[in-house]
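Below: one structure, written as structure tokens.
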Protein chains: 2
Amino acid sequence: MKRKTRDRILHASLELFNSRGESNVTTLQIADEIDISPGNLYYHFKSKSDIVTELYDWFEDQIGDLLAVPEVEISVDDQWLFLHLLFETIAHFRFLYQDLVNVLSRYEHLQPRFQRIIKRKYDASHRICDSFRKQGILTASNQETDALCHQIVLTLTYWLSFETLSHLNDRDAVDLGRGVYQVMVLVAPYLRDEERMVLERMSQDYL
Amino acid sequence: MKRKTRDRILHASLELFNSRGESNVTTLQIADEIDISPGNLYYHFKSKSDIVTELYDWFEDQIGDLLAVPEVEISVDDQWLFLHLLFETIAHFRFLYQDLVNVLSRYEHLQPRFQRIIKRKYDASHRICDSFRKQGILTASNQETDALCHQIVLTLTYWLSFETLSHLNDRDAVDLGRGVYQVMVLVAPYLRDEERMVLERMSQDYL
DNA sequence: GTCTATATTGTGATAGAC
DNA sequence: GTCTATCACAATATAGAC
């Protein structure tokens with residue numbers, strides 16, 4: 001029970017950051033939200049930067065677990081689940097993604113850490129594509145695979161922000177399944193007919 | 001000569017916004033940059049919001065001209081040029097794109113205007129794809145074309161920001177040709193062999 | 001048109017009592 | 001651990017002299 005207030009600060013911060021943007025949320029608003037005094041907040045965290053950094057630690061732990069894709073055989077269903085979990089994590093910490101350049105400018109020490117995440121996303125995409133190729137599910141040259149993975153990472157990183165642009169009023173009304181579908185669309189042209197058909201049927205739900 | 005100072009304010013603002021992020025630039029810094037007093041700045045613009053709005057007017061004019069793609073036959077070379085000009089405009093006003101959600105939250109009156117731009121980007125993509133289909137250059141179902149255009153608009157909107165993540169130190173060192181190439185990669189799987197070959201050869205320069 | 005001076009408010013952060 | 005009170009400073013914006 002010792003860290004109860006500390007935890008409440010972090011959770012409230014995350015929620016406020018996500019809905020209003022990190023730079024538009026003050027420490028006073030965070031304290032207000034959970035009915036404590038600003039002084040109390042600063043007893044638990046010596047600066048706003050410390051709150052952001054600790055939330056980033058959470059994010060890194062969570063997405064790090066996901067990106068540790070093993071080098072084994074991966075099914076299309078596995079990939080579907082993987083992408084969905086990724087988008088869930090991104091949505092959970094969307095304050096980072098929605099103003100990426102701004103956040104990374106204000107908290108420079110996060111720059112290398114985020115760049116490492118991007119690199120790991122790229123590697124994970126590559127492991128999945130390579131596994132598909134080995135199974136004969138996917139046909140693409142090395143060049144095509146590189147470009148495809150690059151595009152997948154871009155989409156993973158920014159699809160949610162892009163989608164939010166159409167729902168700026170109620171930002172929580174975003175269906176993450178659409179993001180997964182959008183990534184699958186990128187892969188589709190290179191898929192074996194069988195798998196492409198399955199995708200095509202699913203598209204009914206998302207277009 | 002009447003509007004010299006007013007213009008200098010706008011140009012300096014644009015440059016500072018682009019390199020440091022709009023929310024990280026104060027009116028004092030803008031005034032400092034061109035060696036005028038803050039009071040003078042506020043003689044020309046009654047608020048910072050007015051500066052941002054006028055820069056947005058510029059942006060809208062510039063990109064509006066580009067997005068007025070006529071319904072005529074379009075060659076792959078035309079598309080290449082079109083995409084390059086689009087990315088140039090986006091780069092010129094990248095302060096908007098790099099923290100889109102933040103900017104649109106702080107200046108709510110820009111939300112519908114930007115959403116209209118997105119819509120027009122989508123329509124322009126569609127006109128190009130349809131022209132390609134008519135010419136037999138591109139083969140794709142209606143569903144595939146919709147998904148492709150969606151993906152193209154996402155890439156147009158966020159490719160530059162994504163690329164910047166790797167060059168956070170010197171943000172001007174971004175080759176826009178890579179962005180054009182990245183969009184072409186999206187279209188590639190649906191292209192006729194002839195055109196896809198040309199693309200493949202170009203990929204040497206960009207990978 | 002431009003400047004200096006200043007009002008006003010907001011924001012991150014600290015000191016010291018309870 | 002928590003609160004009240006407050007500091008220090010930066011940001012937008014205005015007033016009035018030149």
Side-chain angles (χ1 to χ4, degrees), chain A residues 1-57 95-96 99 101-110, chain B residues 1-57 95-96 98-99 102-110:
Chain A
M1 279 299 137
K2 207 180 175 185
R3 319 182 52 186
K4 213 172 144 219
T5 299
R6 197 185 148 81
D7 254 37
R8 285 172 66 218
I9 293 172
L10 287 169
H11 280 106
S13 300
L14 179 56
E15 196 140 322
L16 288 172
F17 289 169
N18 278 341
S19 62
R20 300 185 202 167
E22 179 272 333
S23 60
N24 303 322
V25 175
T26 70
T27 49
L28 197 85
Q29 288 171 319
I30 298 168
D32 256 23
E33 182 72 18
I34 53 174
D35 289 307
I36 63 168
S37 67
N40 192 1
L41 184 147
Y42 278 93
Y43 167 79
H44 290 285
F45 295 92
K46 78 169 208 302
S47 74
K48 188 182 172 186
S49 169
D50 279 21
I51 298 179
V52 172
T53 304
E54 190 142 338
L55 287 176
Y56 191 89
D57 291 342
F95 79 94
L96 279 174
D99 301 290
V101 178
N102 197 15
V103 171
L104 296 183
S105 296
R106 291 156 56 83
Y107 305 98
E108 292 191 29
H109 62 287
L110 298 182
Chain B
M1 280 299 136
K2 206 179 175 185
R3 319 184 51 186
K4 216 173 140 218
T5 300
R6 195 185 149 81
D7 253 37
R8 285 172 65 220
I9 293 171
L10 287 169
H11 281 106
S13 299
L14 179 55
E15 196 140 322
L16 288 172
F17 289 171
N18 278 342
S19 62
R20 301 186 202 166
E22 180 271 332
S23 60
N24 302 321
V25 176
T26 71
T27 49
L28 198 85
Q29 287 171 319
I30 298 168
D32 255 25
E33 183 72 15
I34 54 174
D35 289 308
I36 63 168
S37 66
N40 193 0
L41 185 147
Y42 277 94
Y43 166 78
H44 290 286
F45 295 92
K46 77 168 210 300
S47 73
K48 188 182 172 188
S49 170
D50 280 22
I51 298 179
V52 172
T53 304
E54 190 142 338
L55 288 177
Y56 190 89
D57 291 342
F95 79 94
L96 278 174
Q98 279 171 355
D99 300 292
N102 197 16
V103 171
L104 296 183
S105 296
R106 290 155 56 82
Y107 305 99
E108 291 191 31
H109 62 288
L110 298 182

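Note on naming: letters A, B, ... go to the chains in the order of the sequence lines (proteins, then strands), and numbering restarts at 1 for each one. Note: hydrogens, waters and symmetry copies are ignored here, and every other heavy atom, side chains too, is used.
- Across C:dA13, C:dG12, D:dT14, the shortest atom-to-atom separation from the side chain of A:Pro38 is found for C:dA13.
- The distance from atom NZ of B:Lys4 to atom C1' of C:dT2 is 14 Å, rounded to the nearest whole Å.
- Atom P of nucleotide C:dT9 and atom NZ of B:Lys48 are separated by 20 Å, given to the nearest angstrom.
- Put simply, B:Tyr42 has a side-chain N or O that comes within less than 4.0 Å of OP1 or OP2 on D:dA13.
- Here the C1' atom of nucleotide D:dT14 and the CG atom of B:Asp50 are 15 Å apart, to the nearest Å.
- Counting heavy-atom neighbours within 6.0 Å of A:Gln29 CD, excluding the residue itself, gives a total above 12.
- Here B:Asn40 reaches the OP1 or OP2 of C:dC3: one of its side-chain N or O atoms lies under 4.0 Å away.
- Counting to the nearest Å, the P atom of D:dT6 and the CG atom of A:Leu41 are 20 Å from each other.
- The separation between A:Ile9 atom CD1 and C:dA13 atom C1' is 14 Å, rounded to whole Å.
- Taking the side chain as every heavy atom from C-beta outward, B:His109 and B:Tyr56 never approach each other to under 4.5 Å.
- Across all strands, B:Ser37 comes closer than 4.0 Å to base atoms (heavy-atom distances).
- Counting only heavy atoms from C-beta outward, the side chains of B:Phe95 and B:Arg20 never approach each other to under 4.5 Å.
- Listed here is the closest heavy atom pair of B:Leu41 and B:Ala31: CD1-N, 4.0 Å.
- Among the nucleotides D:dT12, D:dA13, C:dA13, the one closest to any side-chain atom of B:Thr27 is D:dT12.
- An OP1 or OP2 oxygen of C:dG1 is reached within less than 4.0 angstrom by a side-chain nitrogen or oxygen of B:Tyr43.
- When distances are taken from the side chain of B:Thr26 to each of D:dC3, C:dG1, D:dA11, the shortest belongs to D:dA11.
- Residue B:Asp35 contributes atom CG, which lies 11 Å from atom P of C:dT4 at whole-angstrom precision.
- Rounding to whole angstrom units, CZ of residue A:Phe45 and P of D:dT2 are separated by 12 Å.
- For B:Thr5 and C:dT2, the shortest distance from a side-chain N or O to OP1 or OP2 is below 4.0 Å.
- Scanning both residues, B:Gly21 and B:Asp99, for their nearest heavy atoms gives CA-OD2, 4.5 Å.
- Between the P atom of C:dG10 and the CZ atom of B:Arg106 lies a distance of 15 Å, rounded to the nearest Å.
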